[in-house]
Amino acid sequence: MKIAYFLARFPKLTETFILREMIALRDLGAEVYIFSLQPPHAEPVHAQVQEMMPYVRYSPLFLSWKLWGAQAYFLFRSPLKYFRALFKVLWQTWREPGVLLAVLSLFPKSVYFACQMQELGIDHIHAHFLWINGIAAQVVSDLIGVTFTVHPHAFGLFMRNQADVRAQLELVNGIVTIAEYHRQYILNLCPRLTAEDVAVVHDGLDPAQFTPAPIPSADGAMRITSVGSLMEKKGHTYLIAACAGLVERGVPFRCVIAGEGPLHASLQAQIERENLQDCVLLLGAKTQAEVYDLYRHSDIFVLPCVVAKGGDRDGMPNVLLEAMCMEIPVVSTPVTGTPELVHDGENGILVPERDVEALAEAITRLMEDETLRLEFGKKGRETVLSGFDIHQSAEKLAAIFQRFCVQNGRRLQ
């Protein structure tokens with residue numbers, strides 16, 4: 001079974017969950033190829049990226065004869081398919097000028113990749129994110145007749161024009177999503193779809209790569225860790241405010257926040273304004289190996305996610321999975337799919353979003369109760385093992401892809 005993954009950019013540090021998914025599918029015997037619409041940024045990458053690099057295809061430059069040769073191929077061979085694919089791009093994005101310009105600029109690349117996939121004999125296409133990736137998959141599907149599925153995430157599902165989102169979702173062959181929250185959101189948005197059209201497949205991780213190996217604190221101070229892009233939806237500003245409250249309570253602690261993003265300067269200013277430089281530190285972007293080391297030096301993991309003012313929100317943060325698998329007690333908020341992972345009072349603590357006092361109280365409770373920390377840590381790992389193992393998730397995905405391939409008349413072993 002040859003599966004094409006459409007990604008906006010590969011590799012990308014913040015998309016570790018997709019990397020794990022593709023490697024797990026290859027371990028099951030699927031031939032997974034990556035079609036990256038844009039070249040990679042100069043940023044740190046995870047070591048596992050090297051496993052997938054032999055299977056990555058990048059588009060040539062805009063003025064390349066290969067790119068325009070692909071346009072000529074389909075214009076002369078299948079002009080109706082070419083213009084129908086272009087019309088669908090316009091129809092799905094005309095309400096969003098920014099998205100429309102982006103997908104039009106990438107349309108020739110999608111056509112080029114259609115030639116590439118046709119030559120490779122791709123059986124099915126899967127696109128993470130419901131905008132340029134998903135639309136590119138639609139273009140290829142129209143040109144070469146291969147089925148495709150999409151996995152919507154926060155930006156494409158919640159922040160785009162909802163009429164365009166509905167139009168795009170109702171054209172796909174199948175939808176995969178991370179949580180029951182997302183499935184219900186999609187079904188409410190798209191009355192034509194049924195529950196069978198939307199499969200819930202949790203993001204997962206390999207528990208063998210996140211085995212608990214805690215390193216004790218050298219001075220006895222509680223160590224609070226947070227990992228995530230420095231964006232409004234991650235809620236780091238409320239964590240920093242809660243840390244200011246911890247200082248007032250006289251509780252010794254250190255808090256590190258790993259990640260990079262547009263709020264770096266404002267969060268650093270907040271730290272300095274609250275005189276927290278000695279106990280709260282922004283670490284910048286970290287590789288998976290570096291994050292793993294942070295987990296080993298952690299006593300509590302906190303990610304107080306919020307629904308951002310523009311509607312952006314996390315689905316079910318993978319760093320919560322990682323921390324729980326490392327038996328670190330977690331504190332988060334009941335935003336979107338998180339309650340399907342963190343069960344308040346059973347394997348972690350959930351507090352109302354933007355509630356600094358409740359957040360500080362939850363952290364203090366864990367800091368003062370070692371027995372509770374150990375209990376939540378063990379139950380957290382049990383939760384991951386029972387429902388968020390990447391091998392289980394990959395098997396579910398493979399079955400979904402196989403079903404579409406068979407429906408498409410392809411004989412697969």
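Since the structure is predicted, the reported quantities are computational estimates derived from the model, not experimental observations.
Checked for salt-bridge contact, Lys2 and Asp123 miss the test: no charged N lies under 4.0 Å from a carboxylate O. By the 4.0 Å N-to-carboxylate-O rule, Glu382 lies too far from Lys379 to be salt-bridged with it. The existence of a salt bridge linking Arg20 and Glu322 is confirmed by a sub-4.0 Å separation between a basic side-chain nitrogen and an acidic carboxylate oxygen.
Residues Thr93 and Ile135 have side chains in contact (heavy-atom distance under 4.5 Å, counting atoms from C-beta outward). Here the side chains of Phe10 and Ile18 are not in contact, with every heavy-atom distance at 4.5 Å or above. Considering only heavy atoms from C-beta on, Val146 stays 4.5 Å or farther from Val140 through its side chain.
Applying the ring-ring contact (aromatic ring centres under 6.0 Å, His included) test to every pair with at least one member in residues 227-258, sequence neighbours left out, gives no pairs at all. Sorted by first then second residue, the side-chain hydrogen bond (donor to acceptor under 3.5 Å, both in side chains) pairs that include residues 201-222, not counting sequence neighbours, are Asp203-Asn318, Ser217-Asp219, Asp219-Arg254. Among residues at least two apart or in separate chains, there is no ring-ring contact (aromatic ring centres under 6.0 Å, His included) pair with a member in residues 337-364.
Residues Leu67 and Leu61 come closest through the heavy atom pair CD2-O, 3.8 Å. Closest of all the heavy-atom pairs between Ala398 and Leu28 is CB-CD1, 4.3 Å. Here the closest heavy-atom approach between residue Trp68 and residue Phe62 is recorded as NE1-O, 2.5 Å.
Defined by atom type and a distance below 3.5 Å, a donor-acceptor pair is present between the side-chain atoms of Gln138 and Asp142. Judged purely by distance below 3.5 Å, without hydrogens or angles, the side chains of Glu21 and Ser393 never pair a donor atom with an acceptor atom.
Scanning for side-chain hydrogen bond (donor to acceptor under 3.5 Å, both in side chains) contacts around Asp197 gives Thr194, with sequence neighbours left out. Under the rule for a side-chain hydrogen bond (donor to acceptor under 3.5 Å, both in side chains), the partners of Glu357 that lie at least two apart in sequence or sit in another chain are Arg249. Contacts of Arg95 classified as side-chain contact (heavy atoms from CB on, under 4.5 Å), with partners at least two apart in sequence or in another chain: Asn161, Ala163, Asp164. Partners of His126 by side-chain hydrogen bond (donor to acceptor under 3.5 Å, both in side chains), not counting sequence neighbours, listed by chain and number: Thr149. In this structure Lys286 satisfies the side-chain hydrogen bond (donor to acceptor under 3.5 Å, both in side chains) test with no other residue, sequence neighbours excluded. With sequence neighbours left out, Tyr181 forms a ring-ring contact (aromatic ring centres under 6.0 Å, His included) with no residue at all. For His182, the ring-ring contact (aromatic ring centres under 6.0 Å, His included) partners are Phe158, not counting sequence neighbours. When the side-chain contact (heavy atoms from CB on, under 4.5 Å) test is applied to Ala102, the partners found at least two apart in sequence or on another chain are Ile132.
No more than 12 heavy atoms of other residues, nucleotides or ligands sit less than 6.0 Å from atom NE2 of His41. Other residues, nucleotides and ligands contribute over 12 non-hydrogen atoms within 6.0 Å of the NZ atom of Lys109. Environment of CZ in Arg166: crowded, with over 12 heavy atoms of neighbouring residues, nucleotides or ligands closer than 6.0 Å. The local environment of CG in Asp278 is sparse, with at most 12 non-hydrogen atoms from other residues, nucleotides or ligands closer than 6.0 Å.
Between Asn173 atom CG and Phe401 atom CZ the span is 12.0 Å, to the nearest 0.5 Å.
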Hey, can you pull the donor-acceptor pairs under 3.5 Å for the side chains in residues 323-333, sequence neighbours left out?
from   : atom 1 : to     : atom 2 : distance (Å)
Ser332 : OG     : Leu303 : O      : 2.8
Thr333 : OG1    : Cys305 : N      : 3.3
Thr333 : OG1    : Cys305 : O      : 2.5

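Taking the six-membered ring wherever Trp is involved, the centroid distance between the rings of Phe17 and His153 falls below 6.0 Å.
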Applying side chain to side chain contact (heavy atoms under 4.5 Å, CB included) to Phe388 and Met316, what does each step give before you reach the verdict?
CA-CA 11 Å; Phe388 298 87; Met316 185 185 292; 3.5 Å; yes
Phe6/Val139 under side chain to side chain contact (heavy atoms under 4.5 Å, CB included): CA gap, chis, key distance, verdict
CA-CA 11 Å; Phe6 244 124; Val139 170; over 6 Å; no
Starting from the C-alpha separation in whole Å, work towards a yes-or-no answer on side chain to side chain contact (heavy atoms under 4.5 Å, CB included) for Val335 and Asp314.
CA-CA 7 Å; Val335 171; Asp314 259 326; 5.7 Å; no
Under the side chain to side chain contact (heavy atoms under 4.5 Å, CB included) rule, what do Ile122 and Ile144 come out as? Steps first, then yes or no, please.
CA-CA 10 Å; Ile122 293 297; Ile144 66 175; 5.6 Å; no
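Ring planes of Tyr55 and Tyr33: perpendicular class, angle over 60° (limits at 30 and 60°).
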